[in-house]
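Chain naming here is simple, since letters A, B, ... match the order of the sequence lines and numbering starts at 1 in each. Predicted model, so just to flag it, every value in this text is computed and none were measured.
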Amino acid sequence: MWEYTDKVKDHFLNPRNVGVVETPDGVGEVGSLACGDALKLTIKLDENKRIEDAKFQTFGCASAIASSSALTEMIKGLSLDEAKKISNEDIAQYLGGLPKEKMHCSVMGRDALEKAIGNYYSEGEKKVEGEIVCECFGVTDLEIERAVKENSLETIEDVTDYVKAGGGCGNCHEKIQEIIDSVTGQARVIAKAHKQLTNIQKIKLIEETLDREIKPALEKDGGSIELVDVDGNLVMVKLRGTCATCSASEVTIKSYVETKLRELVTSELVVEEVQ
Amino acid sequence: MKIVYTDNNATTQVAPEVLDAMLPFFSQFYGNPSSMHSFGDTADQKIKQAREKVAALIGSAPEEIIFTSCGTESDSTAIRAAILSNPDRKHILTTRVEHPAVKNLCEYFLKKGYRVTFVPVDRKGRLDISFLKKNLTVDTAIASIMWANNESGVIFPIDEISQIVKERGIIFHTDAVQAVGKLPIDVRKVNVDMLSLSGHKIYAPKGVGALYLRKGTKFSPFLIGGHQEGGRRGGTENVASIIGLGKACELARGHLDEQRTRVKGLRDRLETELLKRIPEAMINGDQEHRLPNTTSIGFEYVEGESILLMMDRFGICASSGSACTSGSLEPSHVLRAMGVPFTAAHGSIRFSLSVYNTPEEIDCIIDNLPPIITRLREMSPFWKEAVG
C-alpha cells in the first residue's frame, strides 16, 4: 500500500473545491482517460486580478485528487504572477510529500495551472511544443527535459515517476536516457568549469548564488540566509527570520541550500549552519 | 472495524483446522524428517500423509508431488526443467494473460534468445485456440498455460488444450494456482505433465506450494542440494507448512461443492446487485467459464485506487486492475490483453470470495460501494460529458 501522508489522505477523502467555477476566467485541462488521470482546473479572478475562486474535477488515484485539491487551496488569493511560480515540488510539499512514483500527480497540477493561466491571457491552446518521445503517454522531449532540470532527475525511472514517460512499452527508454545525459552532461560541464575557480571567485559565486537563487526562495516562507564565512569547501551560514526557528532548518540547509550551491558553484561544497 | 475480506485470489486466511494441524510441528515435533531417529521420523510420517492429501485433491500419485516454497517456485521449476531437458528446442508457448510468475520468466527467456509465443485472448478473455494450434512447432520446448486467470477468473479449456499440446509431443505445464480448490481437478483425466499449486490461495499459509510432475516426465531440479523430495528439490522441508498444505487440500476436497453452490451464489448476488445499482459498469470476462468466487467489474470514468481506498474506510478489501495500485502506469496486462476499454480498465475492481464470506458481508459491499462510485464520478471531469 502507498504511504500517503495524513494531509494527502485528508485532501483525498475531503477534497476542497470540487466542481467548476461559474463563468471561469481561465480553464486548464490536462491528462486523459487513456493515461489514467486527468484534471480540469477552472479559475475566477476578482477585480484586482487575483484568483478569487478555483475549482477542480479530477479522474485519478488518491494522490491525483489530493494534489488537485491542494492546488486549488494554494492558489486562492494569489495574483497570476504569484501563481505562476508554483512548482510541482510546492504542491508535493504542501501535502507533506508524495510517494516518488506519484510525483507525476503534482506535475499534472502544475501543468493544469499553467494552462489555466495561459487560457486567461488567451494564449489559446498552445501547440504541443517539441517532439513526442513517449508515444504511450504523449510526452515530448521538452517536457522531459524540463522535469529533469527542475527536479534534478537522474534515471529513466525518475522520469517515469514525474512525467510518466517511459512507463508504457519502454521503446523510448533510449531517448529518455539521451535527454538525461544531455541535461546532466551540461551540468557536469558547468561544474567542471567552476572547478578551476580561485578562492575569491568561489566566494563571489557563492554570494551571487545565495542572493539570486536561494534567498528569494527562502523569503517566500518568511526566512532568509546570511553567509558567515567560507573555509576551503566549507560554507558557513546563518539562517534568519522564520528559518532560524524552523525545526526543519537542518533539512533546508542540506537538501536545498547545499544541493543548490553544489549544482551551481562546485560539487565539493559542504554547507553548515553556525550560531 | 470489521473486515470484509473479498481479496481471496490474492491470499486467504489460514483455516483454523490447518493452523491446529501445524502448531505442534514448530516447537514440539521439530525434528528433521531426514534424521535417523524416530523423533525426526514423526515429521517424515506427517509429510508423507500431507503428500497423499495433496495427491488426492488432484488425482495424482503421492510420489508425483514435489513440495516447493510457493506457486512462483513451482512455475519456475516446471518451465526451467522443460527447457533444460530439451536443449535443442528454443521456443516457448504461453498466453498473454499469465501471472507474472510465468509471464516474466518467459520474457526472461525471450531476452536470452528464446522465441516466445504469447497466445492472445478475446474481449471476454477466452483463449484463441486456433492461434495456439498454429504456433506449436517441433521447436517448442514447453507450452505453459494457466488453468484459470487470477484477475478475470476466466477458465481455459485445459482438457482440450492438453490434447492439442500432447498430440505434438510437447511438454505441457499449467499454472493452476487459482483453479485448485475452486474447481475439481483430476490429472488422470486431463493430460498435463506439470501443474503448479500454491498453499496460501487455499487456506494454507504463505510460503508453501507444490508441483505435480507426471511420472516419466523429463525433469531437472531447480534447487540442487540434498536428497529431499526424491532429489527433485533440495533443502530441508518446511515441515509445518507442508502439513498445513496437506490439511488444506483435505479441506478443499470438501469445499468443492460449496464453491460451486454457496460461494458462487454470493458472487452472483454481489455482481447482479452492483450492476443494478451502478450505471455504466461492466463485467470483465466470460461469465460462462469462470471461477465461482471471482468477479472483475469495470466502473467507467473512475479510477481503481481511489475506489479501493474509499472502500478501505469501510473495511472492504478487494483489488484493482488499475495502474496506480501497482506502481506501474498502465492498467493490468490481463485487462489490456482482453481489450477492455481504458474508460473501464482503470476503474476495474476484482472481488474474490472465500468459503468464509457471509451474506451480510456481501450486503456491506452492495450498500457502500454505489455511493463511493457516485462520489468519485461527481469529481471526474469525464462523467458528465459521458452521461450528458
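In terms of heavy atoms, A:G60 sits closest to B:S306 at O-OG, 2.6 Å. Scanning all heavy atoms of the two residues, the minimum distance from B:E303 to A:F59 falls at N-CE1, 3.8 Å. Smallest separation of non-hydrogen atoms from B:P381 and A:A38: CG-O, 4.2 Å.
Only the backbone of A:S32 comes within contact range of chain B, with at least one heavy atom under 4.5 Å from a heavy atom of that chain. A:I65 touches chain B through its side chain: at least one heavy atom from C-beta onward sits under 4.5 Å away, while N, CA, C and O do not.
The choice from B:D312, B:V302, B:I307 that makes the most heavy-atom pairs within less than 4.5 Å of chain A is B:V302. Of the listed residues (A:A62, A:P99, A:A64), the one with the most heavy-atom contacts under 4.5 Å to chain B is A:A62.
With a 6.0 Å radius and a threshold of 12 heavy atoms from other residues, nucleotides or ligands, A:Q177 has its CD atom above the threshold. Heavy atoms of other residues, nucleotides or ligands lying less than 6.0 angstrom from CD of A:E150 number more than 12. Heavy atoms from other residues, nucleotides or ligands lying under 6.0 Å from CD of A:E157 number 12 at most. The environment of CD in A:E82 is crowded: more than 12 heavy-atom neighbours from other residues, nucleotides or ligands sit within 6.0 Å. Residue A:K100 places its NZ atom among more than 12 non-hydrogen atoms of other residues, nucleotides or ligands, all under 6.0 Å distant. Heavy-atom neighbours of B:K2 NZ from other residues, nucleotides or ligands within 6.0 Å: above the threshold of 12.
Annotation: side chain of A:P15 is in contact with side chain of B:M379 (closest heavy-atom distance under 4.5 Å). Here the side chains of A:Y4 and B:L309 are in contact, with some heavy-atom distance below 4.5 Å.
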Q: Report the C-alpha distance between A:Q57 and B:F382 in whole Å, list the side-chain angles of each, state the deciding distance to 0.1 Å, and finish with yes or no for side-chain contact (heavy atoms from CB on, under 4.5 Å).
A: CA-CA 9 Å; A:Q57 285 181 316; B:F382 302 115; over 6 Å; no
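Close approach to chain A, defined as a heavy atom under 4.5 Å from one of its heavy atoms, is seen in B:R375, B:L376, B:E378 of residues 367-378 of chain B, taken by number.
Between the CG atom of A:D37 and the OG atom of B:S380 there is a distance of 11.0 Å, given to the nearest 0.5 Å.
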